[in-house]
**Q** 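There's a structure below that I have some questions on.
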Amino acid sequence: MLQVPFIRQNKALVLERLALKNFKELDLVEEILVLDDKRKKLTLEYDETQAKINSASKEIGKLMAQGQKEEAEARKSEVASLKEKLQPANEELIATEKALHDVLIKLPNLPAAAVPPGKTPEENVEIRKGGQVPVLHAGAVPHWDLAKKYDLIDFELGNKITGSGFPVYKNKGARLQRAMIQYFLDFNINNGYTEYQPPHMVNAASAYGTGQLPDKEGQMYFVGEDELYLIPTAEVPLTNLFRDEILKDTDLPVKMTGYTPCFRREAGSYGKDVRGLNRLHQFDKVELVQIVHPDKSYDVLEEMTAHVEALVQSLQLPYRILKLCGGDMGFGSALTYDFEVYSTAQQRWLEVSSVSNVETFQANRAKIRFKDGTGKAQLVHTLNGSSLALPRILACILENNQAEDGIHIPAVLQSYFGSGKIS
RNA sequence: GGAGAGAUGCCUGAGUGGCCGAAAGGAACGGUUUGCUAAACCGUCGUACGGGUUAAACUGUACCGAGGGUUCGAAUCCCUCUCUCUCCGCCA
């Protein structure tokens with residue numbers, strides 16, 4: 001959520017950047033300013049009337065103590081008439097504040113100046129690539145066939161006990177996944193991140209704080225009985241650990257990492273996108289979250305991107321890093337780098353990480369602030385990134401590393417996995 | 001799930017109708033003192049939204065778990081909800 005004073009002082013910039021994000025309802029910006037003016041005016045009126053009531057009430061107390069009953073009664077009726085005015089004024093103020101808030105939450109975050117223009121994923125800009133696309137042997141197959149051949153993942157079994165999009169990992173498949181979680185977490189911890197195991201369900205306030213509610217309500221699984229949402233990413237609980245907190249500037253940066261399953265309804269997805277491990281309703285992910293000083297967030301974004309890149313490189317997978325164009329970015333993001341790895345048997349790129357600076361967008365909703373030397377509380381910047389989402393990494397390892405004699409395990413995973421090959 | 005107790009500022013904790021945005025102590029921060037550390041002493045020590053100002057100063061309103069109510073006036077009285085703690089039951 002953007003801050004109204006910022007919008008007021010930078011109206012032209014706001015309009016320009018919203019257009020870059022392909023946002024259509026630009027009239028909302030003016031509406032916000034009008035509503036905010038109205039809010040200020042009503043606030044002033046309300047406060048002034050309330051101030052009169054408060055001072056009259058104090059006088060009544062003194063008059064009563066002095067035994068001046070008649071004078072006290074006169075003041076009481078004065079207060080009564082003021083209160084009649086107050087009631088509708090208060091209702092109008094509350095309605096105006098709500099209307100303002102309802103409009104504010106419709107505005108996406110502003111893209112940073114560095115965001116390339118564009119509307120579709122094709123207009124994302126590749127900024128780096130690395131690794132080598134392997135030449136596969138003649139009988140190479142996609143990961144879902146490998147999963148069956150080596151008895152690693154059972155999709156049908158998942159269908160039976162839950163539904164499509166909930167695979168059952170077994171044998172070496174389960175172990176490889178567990179090895180990756182362990183390796184990813186260790187990699188992050190060794191780079192200064194603190195490990196957390198957060199809850200896998202959150203309340204509505206948390207879902208609002210990171211921006212899942214109200215817009216993306218349909219994307220989350222909801223447990224109605226207890227009014228809890230299954231997390232779509234660990235970003236939600238991790239960021240919300242600091243909701244309504246005022247940190248000291250010496251507490252920054254906060255660097256968190258955590259492994260959680262992630263639950264996404266993915267309504268409307270179909271076809272090759274959902275084949276095998278490509279898109280699931282439940283998947284595992286190791287996440288990074290940083291809470292930082294506003295002056296540092298873009299340096300930190302580069303640092304996190306380099307960190308994820310090193311992790312991907314260590315797995316020896318062909319990858320590319322894209323800077324997302326305005327139209328393809330998430331609602332809350334100011335600048336996003338996507339990581340994709342190449343799935344050789346499917347001959348397509350699969351997104352395995354998305355690293356974003358959301359600036360104050362979540363901090364404003366979740367009220368995450370810090371105090372610097374001046375003693376004034378101001379909003380932090382938050383960042384998040386995957387390091388990494390597991391199923392597509394698993395898919396690429398299986399496909400890219402398949403050989404006649406089995407599937408070769410990347411060197412960095414071998415000690416966690418317990419061997420160098422699946423055969 | 002049943003019974004009881006409770007929810008106050010960074011923490012402990014006082015406050016049962018006006019003098020309370022809130023005592024006191026601790027922590028933290030700034031300073032004085034000091035050979036160093038410690039101690040002592042002095043000061044600062046909530047947030048949000050308004051008004052005001054070049055910026056301050058200054059000033060108004062709201063907030064003592066949340067939401068309602070009573071009253072001229074509520075941290076304080078009443079109602080509802082949420083959460084926490086203790087005991088019992090069940091249980092990984």
Side-chain angles (χ1 to χ4, degrees), chain A residues 1-9 32-105 197 199-209 213 223-229 237 240-252 254 261 291 360 362-380:
Chain A
M1 188 160 69
L2 301 178
Q3 297 172 91
V4 178
F6 178 85
I7 297 174
R8 190 176 290 285
Q9 286 160 27
I32 285 167
L33 297 181
V34 169
L35 282 168
D36 189 53
D37 282 336
K38 189 177 176 192
R39 181 189 64 83
K40 283 187 185 178
K41 180 171 148 281
L42 292 170
T43 300
L44 186 59
E45 282 171 22
Y46 177 86
D47 284 357
E48 282 175 348
T49 308
Q50 187 59 252
K52 283 182 196 164
I53 292 173
N54 287 347
S55 70
S57 294
K58 279 202 172 118
E59 283 178 41
I60 290 167
K62 281 179 195 150
L63 291 168
M64 299 281 268
Q66 292 163 10
Q68 297 178 319
K69 280 207 125 172
E70 280 177 29
E71 184 62 21
E73 288 303 321
R75 303 310 302 269
K76 277 194 199 180
S77 61
E78 190 183 310
V79 169
S81 71
L82 284 171
K83 283 182 82 171
E84 275 178 39
K85 266 180 63 183
L86 202 62
Q87 177 72 2
N90 189 32
E91 279 168 15
E92 196 182 359
L93 176 58
I94 289 169
T96 305
E97 284 173 340
K98 185 179 183 305
L100 175 60
H101 181 258
D102 287 350
V103 180
L104 272 173
I105 59 174
Q197 291 183 355
H200 299 167
M201 292 197 249
V202 294
N203 56 30
S206 295
Y208 173 81
L213 289 181
V223 182
E225 186 83 24
D226 298 290
E227 296 187 70
L228 294 172
Y229 296 85
N240 274 283
L241 293 176
F242 292 86
R243 174 155 49 86
D244 294 322
E245 296 288 337
I246 299 176
L247 300 161
K248 285 182 277 199
D249 54 358
T250 51
D251 294 332
L252 303 177
V254 176
I291 295 175
T360 60
Q362 293 175 334
N364 193 30
R365 288 173 160 240
K367 294 286 166 283
I368 308 175
R369 290 167 291 176
F370 76 100
K371 271 189 184 176
D372 59 15
T374 68
K376 189 129 175 74
Q378 60 172 312
L379 298 172
V380 298

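Sequence lines set the chain letters: A, B, ... in the order given, protein chains first and strands last, and positions in each chain run from 1.
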**Q** Is the shortest side-chain N to carboxylate O distance from A:Lys52 to A:Glu48 below 4.0 Å?
**A** no
**Q** Quick one: look up who B:A75 pairs with, Watson-Crick or G-U, both distances under 3.5 Å, and put none if it's unpaired.
**A** none
**Q** Could you check how far CG of A:Asp251 sits from C1' of B:C29, rounded to whole Å?
**A** 14 Å
**Q** Who does B:A27 pair with, Watson-Crick or G-U, both distances under 3.5 Å?
**A** none
**Q** What's the gap between B:U16 and B:U71 when it is taken at their C1' atoms, as a whole Å value?
**A** 16 Å
**Q** Tell me whether the side-chain N/O atoms of A:Arg369 come closer than 4.0 Å to OP1 or OP2 in B:A48.
**A** yes
**Q** Between B:G65 and B:G6, how far apart are the two C1' atoms, rounded to whole Å?
**A** 11 Å
**Q** Check whether any side-chain N or O of A:Lys83 sits under 4.0 Å from OP1 or OP2 of B:G73, and answer yes or no.
**A** yes
**Q** Does either side chain, that of A:Ser206 or that of A:Asn203, offer a donor lying less than 3.5 Å from an acceptor on the other one?
**A** yes
**Q** From the options B:G51, B:C72, B:A62, select the nucleotide whose nearest atom is closest to the side chain of A:Lys40.
**A** B:G51
**Q** Per the side-chain hydrogen bond (donor to acceptor under 3.5 Å, both in side chains) rule, which among A:Glu91, A:Lys83, A:Lys85 passes with A:Gln87?
**A** A:Glu91
**Q** Rounding to an integer number of Å, can you tell me how far A:Lys371 NZ sits from B:A28 P?
**A** 17 Å
**Q** Taking the side chain of A:Ala51 as its heavy atoms from C-beta onward, which of B:U61, B:U47, B:C72 lies nearest to it?
**A** B:U61
**Q** Starting at CG of A:Leu63 and ending at P of B:C19, how long is that distance when rounded to a whole Å?
**A** 15 Å
**Q** Can you tell me the pairing partner of B:A92 across any strand shown, Watson-Crick or G-U wobble, with both distances under 3.5 angstrom?
**A** none
**Q** Taking the C1' atom in each of B:G4 and B:U61, what is the distance between them to the nearest angstrom?
**A** 40 Å
**Q** When rounded to the nearest Å, what value does the distance between C1' atoms of B:C45 and B:A22 take?
**A** 15 Å
**Q** Rounded to the nearest Å, what distance is computed from the CG atom of residue A:Asp47 to the P atom of nucleotide B:A48?
**A** 16 Å
**Q** Judged by atom type as modelled, is there a donor-acceptor pair below 3.5 Å linking the side chain of A:Asp251 to the main-chain atoms of A:Lys248?
**A** yes
**Q** Applying a 3.5 Å limit to both distances, which nucleotide forms a Watson-Crick or G-U wobble pair with B:A62?
**A** B:U47
**Q** Using atom C1' in both nucleotides, what's the gap between B:C42 and B:U33 to the nearest angstrom?
**A** 11 Å
**Q** Just the rounded figure in Å: distance from C1' of B:C72 to CD of A:Glu70.
**A** 17 Å
**Q** Could you pick out which residue, A:Ala377 or A:Gly61, lies toward the 5' side of RNA chain B when each is mapped onto its nearest nucleotide?
**A** A:Gly61
**Q** Return the nearest nucleotide to the side chain of A:Ile60; candidates are B:C72, B:U61, B:C19.
**A** B:C72
**Q** At their closest point, which heavy atom of A:Ile291 faces which heavy atom of A:Phe242, and how far apart are they?
**A** CD1-CD1, 3.4 Å
**Q** Expressed in whole Å, how much space separates the P atoms belonging to B:C79 and B:A5?
**A** 14 Å
**Q** Tell me which nucleotide, if any, is Watson-Crick or G-U wobble paired with B:C85 when both distances must be under 3.5 Å.
**A** B:G4
**Q** Could you tell me how far apart A:Asp244 (CG) and B:C10 (C1') are, to the nearest whole angstrom?
**A** 15 Å
**Q** Could you measure between the two P atoms, the one in B:G9 and the one in B:A66, and give it in whole Å?
**A** 10 Å
**Q** Check this one for me: any side-chain N or O of A:Lys367 less than 4.0 Å away from OP1 or OP2 of B:U47?
**A** no
**Q** Go nucleotide by nucleotide along RNA chain B from the 5' end; which of A:Ser57 and A:Lys52 gets its closest nucleotide reached first?
**A** A:Ser57
**Q** Which one is paired to B:U33, where only Watson-Crick or G-U wobble pairs with both distances under 3.5 angstrom count?
**A** none
**Q** Can you tell me how far CD of A:Glu71 sits from CD1 of A:Ile60, rounded to the nearest 0.5 angstrom?
**A** 10.0 Å
**Q** Does a salt bridge link A:Asp37 with A:Lys41, judged by any charged N lying under 4.0 Å from a carboxylate O?
**A** no
**Q** Under 4.0 Å between a side-chain N or O of A:Asn54 and OP1 or OP2 of B:U61?
**A** yes
**Q** Provide the distance between the two C1' atoms, one in B:G60 and one in B:G21, to the nearest whole Å.
**A** 14 Å
